[in-house]
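Every chain is numbered from 1 and lettered A, B, ... according to where its sequence line falls, protein lines coming before strand lines. The shown structure was predicted, so the numbers you read here are calculated from the model rather than taken from an experiment.
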There are 2 protein chains.
Amino acid sequence: MDQDLQSVLLSAPLFSQLRPEQLDELVGPVDIKRYPRGTEIIRVGEPADAFLVVLSGAVKVYLLSPDGREHILHMVQSGGLVAEAAVFAQGTYPASTMATEDSTVAMVRRARVTDLLQRDPEVGLAMVAGLSRRLREFVSVIEDLSLRDVASRLARFILENSTDGRCRLPGTKTELAAQLGTVLEPLSRALRKLKERGTIDEQSGVIEVIDRDALEDLLLGT
Amino acid sequence: MDQDLQSVLLSAPLFSQLRPEQLDELVGPVDIKRYPRGTEIIRVGEPADAFLVVLSGAVKVYLLSPDGREHILHMVQSGGLVAEAAVFAQGTYPASTMATEDSTVAMVRRARVTDLLQRDPEVGLAMVAGLSRRLREFVSVIEDLSLRDVASRLARFILENSTDGRCRLPGTKTELAAQLGTVLEPLSRALRKLKERGTIDEQSGVIEVIDRDALEDLLLGT
DNA sequence: CGTTGCGTTGATCTCTATCAAAAAAGGTGG
DNA sequence: CCACCTTTTTTGATAGAGATCAACGCAACG
């Protein structure tokens, strides 16, 4: 079930360009840890001295408001990276991370990455490209939160996460709501509205797009 | 009034590490253009093949909703850069840019940066750090929009932009509102509330922090 | 079967956007 | 310095979106 650390890294945009010997250098002897579902892995504010590679299971990266509301920045599946960016801005983790399923996670310390970075310009280029992509995603999120209503955000989520008309929800609907910057109830209503209009269909966590154009209109129209 | 292109670049985090000959290489023969106040410089969606250096005046980087509301991502003063990140993620500009004052702007084409990046690992490291910092800022914005009310966002803005108890508003209050993900009226009320409580004082675009602790409480308490 | 977590639905309540109008604040030209 | 015009800001009233609260249905599971 666990993925191979090296192959995970190779499939990550940030490190896909690395040659085998560079990979070895990057990885070296790493910590690999198991976290049961619900365990906090990273707490916001801790010194950011390692990034995470999810080898099995799944984790969420999230922010908490003072009164306990949660905004999920990413859901990271097995094979994904966490905090690759935080590691470069010396400082602290800007968000918390929790295992949403039983997970095994490898930690790669900052020094290993920066060493590599300093020696190989190719690596730098790849990382710059990867970070820029992430930045662009965040701009979309800001656009959603500031300028679009819940239904539109949902429409965008469906459009961006569906492959030929289908899209599996990542985790519970409560989690999806937290990803869209809202809570369960409004999300539930938005889903219902789309279903009633015949725009989508949804059962047991799988969304089927019926009227793609209607979804796109939602993004443009309001 | 115009700033020197080279010295602007040197003072930008992204390029501050460059040696003189690298700078020359980066800059080469650049376009320098003038834009009167109110002119659109970049339109969202255009191919992102250059980044901007503001030599005089000021510009705003912003998103527009279908119904015309505006969210300002950055206000960039003379000496600042625009779209440094967009240039690396090959693709299109994710936001628009407009001159908020009469401005002169230099354009640096993508090829010049990537060339340099490929040749010098130091540059990569600096850029990676710069992008990570930007990423972190965006996380804060997402946190604001998703989890905090207008008064709290204002408090955070004041805290982060004040040097020893003072903070000059960048542009009009309408613009500040658009930066905080709201509009003029709610911002005006939030300001009044803080003034009435004796937390801050404000006149002619300058905010004076009277009770710093109260501002910080706003961020934590709700 | 009870429990426990999740989801739906309905009824408020709060915050904030919008609308409207008046008051300041800035410039401009005389 | 003043009258005039434009832009910005304040304030009030209203409306709308969404968060919260509460009740209930529904599964999975011990």
Side-chain angles (χ1 to χ4, degrees), chain A residues 36-38 60 63-72 75 98 100-102 144-155 168-196 200-207 218 221-222, chain B residues 37-38 60 63-72 75 100-102 144-155 168-196 200-207 218 221-222:
Chain A
R37 165 176 229 261
K60 65 178 173 188
L63 305 166
L64 282 182
S65 76
D67 56 316
R69 263 231 339 270
E70 171 180 290
H71 182 101
I72 298 182
M75 303 281 310
M98 177 179 288
T100 53
E101 304 173 13
D102 296 349
D144 269 7
L145 293 175
S146 181
L147 304 173
R148 290 209 258 259
D149 62 18
V150 172
S152 306
R153 294 179 219 165
L154 175 59
R168 225 178 52 261
L169 298 187
T172 68
K173 288 187 185 175
T174 306
E175 281 167 350
L176 175 57
Q179 270 184 80
L180 298 180
T182 182
V183 293
L184 179 60
E185 298 91 327
L187 172 67
S188 179
R189 296 180 228 270
L191 262 173
R192 175 160 55 115
K193 197 161 58 175
L194 289 185
K195 280 193 271 189
E196 283 170 356
I200 63 169
D201 192 32
E202 184 261 333
Q203 35 199 322
S204 57
V206 177
I207 291 179
L218 255 187
T222 276
Chain B
R37 165 177 229 261
K60 65 178 173 187
L63 304 166
L64 282 182
S65 77
D67 56 316
R69 263 233 338 271
E70 170 180 292
H71 182 101
I72 298 182
M75 302 281 310
T100 54
E101 302 173 14
D102 296 349
D144 269 7
L145 293 175
S146 182
L147 303 173
R148 290 209 257 259
D149 63 17
V150 171
S152 305
R153 294 178 218 165
L154 175 60
R168 226 178 51 262
L169 299 187
T172 68
K173 288 185 185 174
T174 306
E175 282 167 350
L176 175 58
Q179 271 184 79
L180 298 180
T182 182
V183 293
L184 178 59
E185 297 92 326
L187 171 67
S188 178
R189 296 179 226 270
L191 262 173
R192 174 160 52 119
K193 197 161 57 176
L194 289 185
K195 280 192 273 189
E196 282 171 356
I200 63 170
D201 193 31
E202 183 261 332
Q203 34 200 322
S204 57
V206 177
I207 290 179
L218 255 187
T222 278

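Comparing the start and finish of the helix from C/dC1-D/dG30 to C/dG30-D/dC1, five pairs each, the helix axis swings through 40°, to the nearest 10 degrees.
Nucleic acid contact class of B/Thr182 (heavy atoms, under 4.0 Å, all strands): sugar-phosphate only. Residue contacts shown for A/Gly181 are limited to sugar-phosphate atoms, with no base heavy atom under 4.0 Å away.
Counting heavy atoms from C-beta on, the side chains of A/Thr172 and A/Leu184 never come closer than 4.5 Å. The shortest distance between side-chain heavy atoms of B/Arg37 and B/Thr100 does not fall below 4.5 Å.
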Provide a list of protein-nucleic acid N or O atom pairs under 3.5 angstrom, restricted to nucleotides 7-10 of chain D.
residue	atom	partner	partner atom	Å
D/dT9	OP1	B/Lys173	N	3.1
D/dT9	OP2	B/Lys173	N	3.2
D/dT9	OP2	B/Thr174	N	3.4
D/dT9	OP2	B/Thr174	OG1	3.4
D/dT10	OP1	B/Lys173	NZ	2.9
D/dT10	OP2	B/Ser188	OG	2.9
D/dT10	O5'	B/Ser188	OG	3.3

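Rounded to an integer number of Å, the gap from CZ of A/Arg148 to P of C/dT16 is 21 Å. For the pair A/Leu154 CG and D/dG18 P, the computed distance is 12 Å after rounding to whole Å. Going from atom CZ of B/Arg69 over to atom P of C/dT16 covers 12 Å, rounded to whole Å. A/Arg153 places its CZ atom 12 Å from the C1' atom of D/dA19, with the value rounded to the nearest Å. Spacing between atom CZ of B/Arg189 and atom P of D/dT14 amounts to 13 Å, rounded to whole angstrom units. Between the CG atom of B/Leu145 and the P atom of C/dA17 there is a distance of 11 Å, given to the nearest Å. Spacing between atom CG of A/Asp67 and atom P of C/dT14 amounts to 15 Å, rounded to whole angstrom units. When the P atom of C/dT8 is taken as reference, atom CG of A/Leu169 falls 10 Å away, rounded to whole Å.
B/Gly181 and A/Ser146 get closest at one heavy-atom pair: CA-OG, 3.8 Å. Residues A/Leu147 and B/Leu64 come closest through the heavy atom pair CD1-C, 3.7 Å. Across A/Leu187 and A/Lys173, no two heavy atoms sit closer than the pair CD2-O, 3.3 Å. Considering all non-hydrogen atoms of both residues, B/Ala151 and B/Ala190 come closest at CA-CB, 4.2 Å. Between B/Glu175 and B/Ile72 the shortest heavy-atom distance is O-CD1, 3.6 Å.
Separating the CG atom in A/Leu63 from the CZ atom in B/Arg148 is a distance of 9.0 Å, to the nearest 0.5 Å. Here the CG-CZ distance, from B/Leu218 to B/Arg153, works out to 13.0 Å after rounding to the nearest 0.5 Å.
Closest approach to the A/Asp149 side chain among C/dT18, D/dG18, D/dA19 is made by D/dG18 (side chain taken as heavy atoms from C-beta onward).
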